[in-house]
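Structure record follows, encoded as structure tokens.
On a predicted model such as this, the values are computed, not experimentally measured, just so you know.
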Amino acid sequence: MLREVPEAQVSVPERVGGHEYYVEQLPDAPHPRYMRRPVTAGMAGGSSSRGGAAEVVLDVNELATVHGEYVQVGQMKLSRCGRHLAFTLEASNGEEAFQAFTRDITTGALRHLGALGGVVSLEWAACGRTLLATQPNELGRPWRVVACDTGSGAAGKGASSSGDGWITGGRWLGGGGQAWGSRPACRTVFEEGDERFFVELGRTKDWSFLTINCNSKASSEVHLLPADLSARSEQHSGSTGAGGSGWPAPRVVQPRLPGLEYFVEHNGGQLYILSNARGADNYAVYRVPAGLPSLAQEYWHPVVPEQLDTALEDMDMTRDWLVLYQRVQGQQQVAALPLRDGLPAAGAGQSAAVRPTPQLKPDAAAQQANEAPKRHQQQQQQPSLPRLKRAPLPGWALSVVAGANADFDSPTLRLMLSSPVHPEATFDWQLGSQSLVCRASSAGVHTAAARGQQPGSGAGPMAAAAAAVAAVDDAATSGAELIWQRLWARSADGTAVPLTVAHRADLLAREGSGSRGSDSSSGGSSQLRPVAPRPCLLVVYGAYGHCLPTEFAPDRLPLLRDGWVLALAHVRGGGELGRRWHAAGRGGAKANSVADLEACLDHLFAAGYTRPGLVAIEAHSAGGLTAGALLNRRPADLGAALLEAPFVDVLSAMCQPELPLTVHEYEEWGDPQQPEQLEQIRRVCPYQIVRPAAAYPPTLLTCSQSDLRVPFWGPLKHAARLRGSIAEAAAAATMQQEGGGRPGGPILLLPDEHAGHFVHERDRFVAKAQQYAFLAAALGGQLPNA
């Protein structure tokens, strides 16, 4: 695996103000180093030239010498003036107990803000002196916002023993720790009393407002503070600490309502709001003048209405553009709307030259799964779609990840594009144009993906898959080493489920006429089909509306080159087809996630990619519920399982409100205090429905005692119950003098003392090598029995 990753890596710089920022990963350094260098004034197209020596913004290797090799940096926030960096640091082996630090980039002086205690998120006020932070309660829920005056006692020259300003004589051990420099004065700004809501800080990109974002799993509420609050407070004599009586109170945008979610940006006196308001399940964009007495949703003006086939995932803002990140039939797209003085530019209305994405007409089954009542009536009442400029993304770009894009005045948008078989490449999109410039790509890994993978316009998933067949045909015969394609499986209720498949191109061969499998309808007399069943890694998540990542993962490349098939199952409960796709796989509908995964498994069998016994299933965290449930349904068809920190004892966790996430997640899994929901949880909980006397396949479970999200006892209990079932099966076979079947197991448990919920980045490749070696040995019959 390591040979697929260059020893030295330097990211493509991104400009913010008078500097460009980048990250270095040096050969002999286990941690990254964040750097910047000054640039001259930007020229046409946003280009610039270097004007001075590089500066260290933050060297995590230096931090590791003080706090230990498993130190982790959480958030990093740069002050508006560009001189001060605030960041969070965790050194307690994955417990996610972060503390706050600041660093003066010019002098190198580092300061631990010990008076803040534990923090979750940070944000600077515009003055660069006041720092706001969210603090967790005893269960780890961020609930309070405090403000800290970092200028009330800056560390003096004697606080460091070297020119780079690292403070000596202290080692922060987490918890109580040692506060370096004088203790800053703090004041409480906001408190959230509802245990279902987590609080996170942010700011608008133009530095007009700080945002206090209160979010549950199904609703949200945003409060605004002017970003120059520290300057205002200093105008009042007698104010102390980070502020005084002159501070404005946080102003709510729209009071929380059940099911209403929204997120806020600002430009030219207008608040831009991404929301599911007014029944826009796939989200729409609204605006409201920031100076109105009330900012509630009855005053919101539609800017970009909802489209049935398009899910709006996120938005960004520059001075002249509103940027939208979208998914069309699961395929990522990026679009932009021109702005002038904060308002949609003249002529940005409906245009024949740039049409909205055509309404897809999926088959009746997919339509039943993806449409909501009254949608046609609501669409008729909405304004026409504005003229959106779409980024000219290449067909192979299955994964689109936005860069930092922190410069409000930038005319370009940084995008990182990849696919399961394409290493990440960095591009700059000249906003509104057809210019997409490649800034860097990972040379040395020569892979190619099937071209033209975007869903067909107005054709629906089945026809889109047929169009992909022709693209795969082109790629597989053009010398590409690896290819990917999007298939569609059909779930038990008829819903079309997207399935991404990647493999070596030479695993396909042309065979005779006819069509096999439920996804293709190309009508051709000769198609490319798998030559023979191959080992398959089937990956699933399907929870919280999160999309299963489809970017390039170098740790999977050895499996692909060894002839494995990688299959990514985008089941309901995820967000690949919008918010309704999530709603169809949460709470009482969670069984749909399991049915979708089972359909993907059967589709892989029917299409000839693999066969029973040659499939290894992989899942992490909440994905463990869906994978564990399939393991209970089809133990004989799976050859191995890898469950990383799996959420398999859902019922026990949800019945313990004293755990950190339980109350917050009632809206995702159900509230066991309600008898009907208790039974719904029980029916899908893998631990509760382990089959008695069953020959479960070799299974590797991981856990960590430091994991605050999935209690370590869940995987422990599950491993014990699986072992008990296998022992029962072996005893029954002995009594009946049966033989010849697979004996089952082994069931292995791999604890990690350095990780919390996630493997530390420095151990990632070692952990994956161990895990994939286990799967390969299991499918090859090289493991001892239980």
Test log, rule side-chain contact (heavy atoms from CB on, under 4.5 Å), inputs Leu322 and Met315: CA-CA 7 Å; Leu322 168 67; Met315 71 174 176; 4.0 Å; yes
Lys205 and Asp316: CA distance, side-chain angles, deciding distance, salt bridge (Lys or Arg N to Asp or Glu O under 4.0 Å) verdict: CA-CA 8 Å; Lys205 199 169 175 179; Asp316 197 358; 3.2 Å; yes
Cys148 side, atom SG; Leu131 side, atom CG - distance, nearest 0.5 Å: 6.0 Å
Evaluation steps, salt bridge (Lys or Arg N to Asp or Glu O under 4.0 Å), between Arg196 and Asp194: CA-CA 5 Å; Arg196 297 172 302 165; Asp194 192 329; 2.7 Å; yes
His664 and Glu195: side chain donor to acceptor below 3.5 Å: no
Pairwise distance CZ(Arg187) to CG(Asp149) - rounded to 0.5 angstrom: 11.5 Å
Thr150 and Thr102 side chains, donor-acceptor separation under 3.5 Å: no
Closest non-hydrogen atom pair, Asp407 against Gly17: OD2-N, 3.5 Å
Exam field: side chain Ser621 to backbone Gly623, donor-acceptor pair closer than 3.5 Å: no
Asn276 side chain vs Glu261 backbone, donor-acceptor pair below 3.5 Å: yes
Whether Glu14 side chain and Asn405 backbone form a donor-acceptor pair below 3.5 Å: yes
Inter-residue atom distance His223.NE2 - Thr211.OG1, 0.5 Å rounding: 11.0 Å
Evaluation steps, side-chain contact (heavy atoms from CB on, under 4.5 Å), between Val146 and Leu116: CA-CA 8 Å; Val146 296; Leu116 286 176; 3.5 Å; yes
Any donor-acceptor pair under 3.5 Å from Asn267 side chain to Thr318 backbone: yes
Arg579 backbone acceptor or donor facing Tyr283 side chain under 3.5 Å: no
Cationic tip of Arg203 above Trp207 ring, under 6.0 Å, 45° of axis: yes
His620 ring center within less than 6.0 Å of His757 ring center: yes
Short side-chain to backbone donor-acceptor contact, Thr134 and Ser121, under 3.5 Å: yes
Residue pair Asp309, Arg327: steps toward the salt bridge (Lys or Arg N to Asp or Glu O under 4.0 Å) verdict: CA-CA 8 Å; Asp309 66 314; Arg327 282 185 186 264; over 6 Å; no
Glu679, CD: over 12 other non-hydrogen atoms inside 6.0 angstrom: yes
From Tyr541 atom OH to Thr626 atom OG1, the distance as rounded to the nearest 0.5 Å: 9.5 Å
Atom pair CZ/CG of Phe190 and Leu225 - distance to nearest 0.5 Å: 10.0 Å
Any donor-acceptor pair under 3.5 Å from Glu265 side chain to Tyr272 backbone: no
side-chain contact (heavy atoms from CB on, under 4.5 Å) between Trp581 and Asp596, intermediate numbers included: CA-CA 12 Å; Trp581 194 250; Asp596 291 355; 4.3 Å; yes
Ser219/Phe197 under side-chain contact (heavy atoms from CB on, under 4.5 Å): CA gap, chis, key distance, verdict: CA-CA 9 Å; Ser219 58; Phe197 285 78; 3.3 Å; yes
Salt-bridge present (Asp228, Arg80; N to O < 4.0 Å): no
Phe263, CZ: over 12 other non-hydrogen atoms inside 6.0 angstrom: yes
Phe209 and His266 aromatic ring geometry - parallel, tilted or perpendicular at 30°/60° bounds: perpendicular
Euclidean distance, Met654 CE relative to Glu668 CD, rounded to 0.5 Å: 9.5 Å
Heavy atoms from other residues, nucleotides or ligands near CG of Asp341 exceed 12 (cutoff 6.0 Å): no
Tyr666 six-ring face occupied by Lys217 cation (under 6.0 Å, within 45°): no
side-chain hydrogen bond (donor to acceptor under 3.5 Å, both in side chains) partner of Tyr544, chosen from His582, Arg586, Glu665: Glu665
Heavy-atom donor-acceptor pair, Glu90 side chain to Glu96 backbone, under 3.5 Å: yes
Side-chain donor/acceptor of Asn592 to backbone N/O of Ala584, under 3.5 Å: yes
Chi angles and distances behind the ring-ring contact (aromatic ring centres under 6.0 Å, His included) call for Trp669, Phe647: CA-CA 11 Å; Trp669 307 108; Phe647 193 36; 5.5 Å; yes
Pair Arg682-Glu676, salt bridge (Lys or Arg N to Asp or Glu O under 4.0 Å): steps then yes or no: CA-CA 10 Å; Arg682 189 191 308 275; Glu676 181 180 353; over 6 Å; no
Geometric class of the Tyr286/Trp300 ring pair [parallel <30°, tilted 30-60°, perpendicular >60°]: tilted
Main-chain N/O of Glu200 paired to Asn213 side chain as donor or acceptor, under 3.5 Å: yes
Distance under 6.0 Å and angle within 45° of ring axis: Arg111 vs Phe101: no
Pairwise side-chain contact, Lys590 with Leu625, heavy-atom cut-off 4.5 Å (strictly under): yes
Check against side chain to side chain donor-acceptor pair (under 3.5 Å), Thr88 and Gln99: CA-CA 5 Å; Thr88 60; Gln99 298 230 344; over 6 Å; no
Modelled atom types, side-chain donor and acceptor of Gln297 and Arg278, under 3.5 Å: no
Nearest non-hydrogen partners of Gly542 and Ser593, listed with the distance: O-OG, 3.9 Å
Heavy atoms of other groups near Gln656 CD, more than 12 under 6.0 Å: yes
